[in-house]
Amino acid sequence: MKLLKKGVYCILALLMLSVPFSCEQEDDLNIIAGLDFNIATLNAEGNETGVIATTIPPDGRIVYTVDFGDPNGVDIPNGNGDTDDVIQTTSGPMVSYEYPLESATYTITVTASLSGKEDVSITKEHTVIYVVEPDPTPGSPIAGTWRLAPQAGALGVGPGQGNVSWFSNSDEDVITRDCLFDDEYVLGEDGSFQNILGDETWLEPWQGFDPEQCGTPVFPHDGSANASASYTYNDAAGTLTVNGQGAFMGLAKVINGAELAAGETAPDSRTYQATLSDDGLSLTLDIPVAGDGWWQFNLVKDAPPAPSQLEGVWRIAPEAGALGVGPGQNDVSWWSNADTDVTTRDCFFDDTYVFNADGSFQNVLGSETWLEPWQGVDPEACGAPIFPHDGTASATYDYNATAGTLTIEGEGAFLGLAKVINGAEIASPTDAADSITYIAELSDDGNTLELDIQVAGDGWWSFKLVKDVVPTGVQGTWVLAPEAGALGVGPGQNDVSWWSNADTDVTTRDCLFDDQYVFNADGSFQNVLGSETWLEPWQGFDPEQCGTPVFPHDGTASATYTYDEGAGTLTIDGEGAFLGLAKVINGAEIASPTDAADSITYIVELTDGGNTMELDIAVAGDGWWSFKLVRQ
């Protein structure tokens, strides 16, 4: 009998159950005469095929020989001096074989053999339909997020390509059908495709909605195909094909050669005639439906906005004269803050004004800001922010460098002082303005912003803001990454096989994971531990637990740091200053707080754009500790 042959295959399962056999069970022997088998496709590409015999008795006494009919299979010696075709044998439920990566038809023959009986064979045709995965399209000019152009004629239909005389949307439809015009069609760099429809999209009678209206997306045109949908863009042919049942561009009902009717099955793909504008930001799609009918969709790409010069975090300059008022622009002769106000009004000088890349704006005031009599606080003092000037406003900003103006939109949003609006100083929080426009002058380096605003009569307020410059190198505040494996130890650098923290430790040791390691611009360093940190037996706490920091590892050290990017080292100087764990020093783990080192050097690597810090330090023998810190 021909035995196992080479080919790319695997035995998926073998069922070998030992059951007593009786010579009297003659009827059971006739089971071989009822030979049949099923064929299954086992992979997404369509070329891996499984064969399952359907006459398997429970004791495995029938042996099945499966010839997969692949004439191009690579033969192997069969031990009899010649070679076999692509053949396998089994007494179990399934054997499988991987055909070449192409669509073709093969003849599969299964032969059943039973001692004392004639072999029985059965043959079936099997067609492999090879499914080609879409090639990634890195740098594709069509990749990005698209939506219908918010204008009249963005979609329409008529008796010919480019003709929308039967119907096209109006300007008003952009508003009344906003649930359609905010739908996104996302074409990935990797060839993936997604319909992002949100909570609502436009529904029509063929989907069971008459009159047509906004509503919850209906399967399969609801984005459920996103996990497997793809697209192919052929620039030369001017075609865009979207693959995936329920995946579409423009309108869900429009398919090649027809418009879907109620109850009809959505196709697996749709091909559009595609015209991309020279700047790559506009896309026109045309698709024939029935007869002379053609639909057209005009889409625009969500181009990332140019970065605003103001983007970032700002605050009032911590200096005398940072804010003041007087009888004219840039005149603060009536009143301006003193140097001492930076300290006495620290709850004001730590307020931040955040200009985000997407055009949104935030007042970030923390738990306290400066309150005045018009807010019900007399004398003025630090206190909890008062609505609507408490940072809860949904606000945006518009900076016009040419006109020299900066407008903040959003009731309760402001710059400098909450009471200052155009033409007045408000007398009550209920008088908050919806919009405030400032005269704005940005310094050449982009880090200082001078604002002026007229209030009443000749009165003008002036505010000087400075930008929080993004720190470079290790400068800034860091904490242990709140994840498993943020700290660990093992027998080599980057090896934490002896011990590493678990996910649950982030919670049970929260007093450790909230410790801050602060690298200041002036080269000083601080351990900011708060009221509790993690304490261990070498500090007198067994079992280990959260507790009050123990001197000298309590943040009181007068410490500095040296970061050598070229050498990849970070040195902390100062008795009791440390990173990660207080006990870990160069060459050892200390046994007592009195053994604190004056200096510790770590091997350091910055990753993730400088926002993740990987630290390694050798202790004793082969032992190495590793710490992963993230920037705050």
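Note that the structure is predicted; figures quoted are calculated from it, not measured. The figures here come from the full heavy-atom set of this structure, side chains too, leaving out hydrogens, waters and symmetry mates.
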Any residue meeting side-chain hydrogen bond (donor to acceptor under 3.5 Å, both in side chains) with [X], in chain and number order, not counting sequence neighbours:
X    : value
T396 : none
Q329 : none
T594 : S592
N611 : R631

- Polar contact flag, side-chain donor to acceptor under 3.5 angstrom, S626-D616: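 Present: a donor and an acceptor within the cut-off.
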- Pair D564-T569, side-chain donor/acceptor within less than 3.5 Å: no
Approximate separation, where rounding is to 0.5 Å, of [X] [atom1] and [Y] [atom2]:
X    : Y    : atom1 : atom2 : answer
L449 : L406 : CG    : CG    : 6.5 Å
N447 : L465 : CG    : CG    : 12.0 Å
F463 : Y438 : CZ    : OH    : 6.5 Å
L148 : L283 : CG    : CG    : 10.5 Å
T344 : D346 : OG1   : CG    : 8.0 Å
S277 : L299 : OG    : CG    : 11.0 Å

- Would you call D351 and R315 a salt bridge, using N to O less than 4.0 angstrom? no
- Query: Taking 4.0 angstrom as the limit, do D302 and R147 come out as a salt bridge?
  - Reply: yes
Quick one: does [X]'s side chain get under 4.5 Å of [Y]'s, heavy atoms only?
X    : Y    : answer
L579 : L570 : yes
F181 : W202 : no
Q454 : N422 : no
Y561 : T571 : no
S308 : Y397 : yes

- Task: Only one of T405, D398, T407, N400 passes side-chain hydrogen bond (donor to acceptor under 3.5 Å, both in side chains) with T437; say which it is.
- Result: T407
- Message: F513: which residues meet the ring-ring contact (aromatic ring centres under 6.0 Å, His included) condition with it, sequence neighbours left out?
- Response: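 F513: no ring-ring contact (aromatic ring centres under 6.0 Å, His included) contacts found.
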- Item | Partners meeting ring-ring contact (aromatic ring centres under 6.0 Å, His included) with F349 (sequence neighbours left out) | none
- May I have all residue pairs that pass salt bridge (charged side-chain N to carboxylate O under 4.0 Å, His left out) and include part of residues 422-451, sequence neighbours excluded? K419-E425
- Task: Quick one: which residue pairs count as a salt bridge (charged side-chain N to carboxylate O under 4.0 Å, His left out) with a foot in residues 565-576, not counting sequence neighbours?
- Result: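 Found none.
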- Note on the structure: For D173, the salt bridge (charged side-chain N to carboxylate O under 4.0 Å, His left out) test, sequence neighbours excluded, returns R177
For residues 371-392, run the donor-acceptor check on the side chains, cut-off 3.5 Å, and write out each pair with its distance to 0.1 Å, sequence neighbours left out.
{"from": "E372", "atom 1": "OE1", "to": "W374", "atom 2": "NE1", "distance (Å)": "3.2"}
{"from": "Q375", "atom 1": "OE1", "to": "E372", "atom 2": "N", "distance (Å)": "3.0"}
{"from": "E380", "atom 1": "OE2", "to": "R345", "atom 2": "NH2", "distance (Å)": "3.2"}
{"from": "D390", "atom 1": "OD1", "to": "T392", "atom 2": "N", "distance (Å)": "3.2"}
{"from": "D390", "atom 1": "OD1", "to": "T392", "atom 2": "OG1", "distance (Å)": "2.6"}

Scan the side chains in residues 525-532 for donor-acceptor partners under 3.5 Å anywhere in the protein, sequence neighbours excluded, and list what turns up.
{"from": "Q526", "atom 1": "OE1", "to": "N520", "atom 2": "ND2", "distance (Å)": "3.0"}
{"from": "N527", "atom 1": "OD1", "to": "F578", "atom 2": "N", "distance (Å)": "3.1"}
{"from": "N527", "atom 1": "ND2", "to": "F578", "atom 2": "O", "distance (Å)": "2.8"}

- Query: Is the side chain of W478 donor-acceptor paired with the backbone N or O of V474 at a distance under 3.5 Å, no angle test?
  - Reply: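 Flag set: sc W478 to bb V474 pair under 3.5 Å.
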- More than 12 foreign heavy atoms under 6.0 Å from CG of D199: is that the case here? no
Solution key, residues 496-503 side-chain donor-acceptor pairs under 3.5 Å, sequence neighbours excluded:
{"from": "S497", "atom 1": "OG", "to": "D495", "atom 2": "OD1", "distance (Å)": "2.7"}
{"from": "N501", "atom 1": "OD1", "to": "G485", "atom 2": "N", "distance (Å)": "3.1"}
{"from": "N501", "atom 1": "OD1", "to": "A486", "atom 2": "N", "distance (Å)": "2.8"}
{"from": "N501", "atom 1": "OD1", "to": "L487", "atom 2": "N", "distance (Å)": "3.0"}
{"from": "N501", "atom 1": "ND2", "to": "E483", "atom 2": "O", "distance (Å)": "2.9"}
{"from": "D503", "atom 1": "OD1", "to": "A484", "atom 2": "N", "distance (Å)": "3.3"}

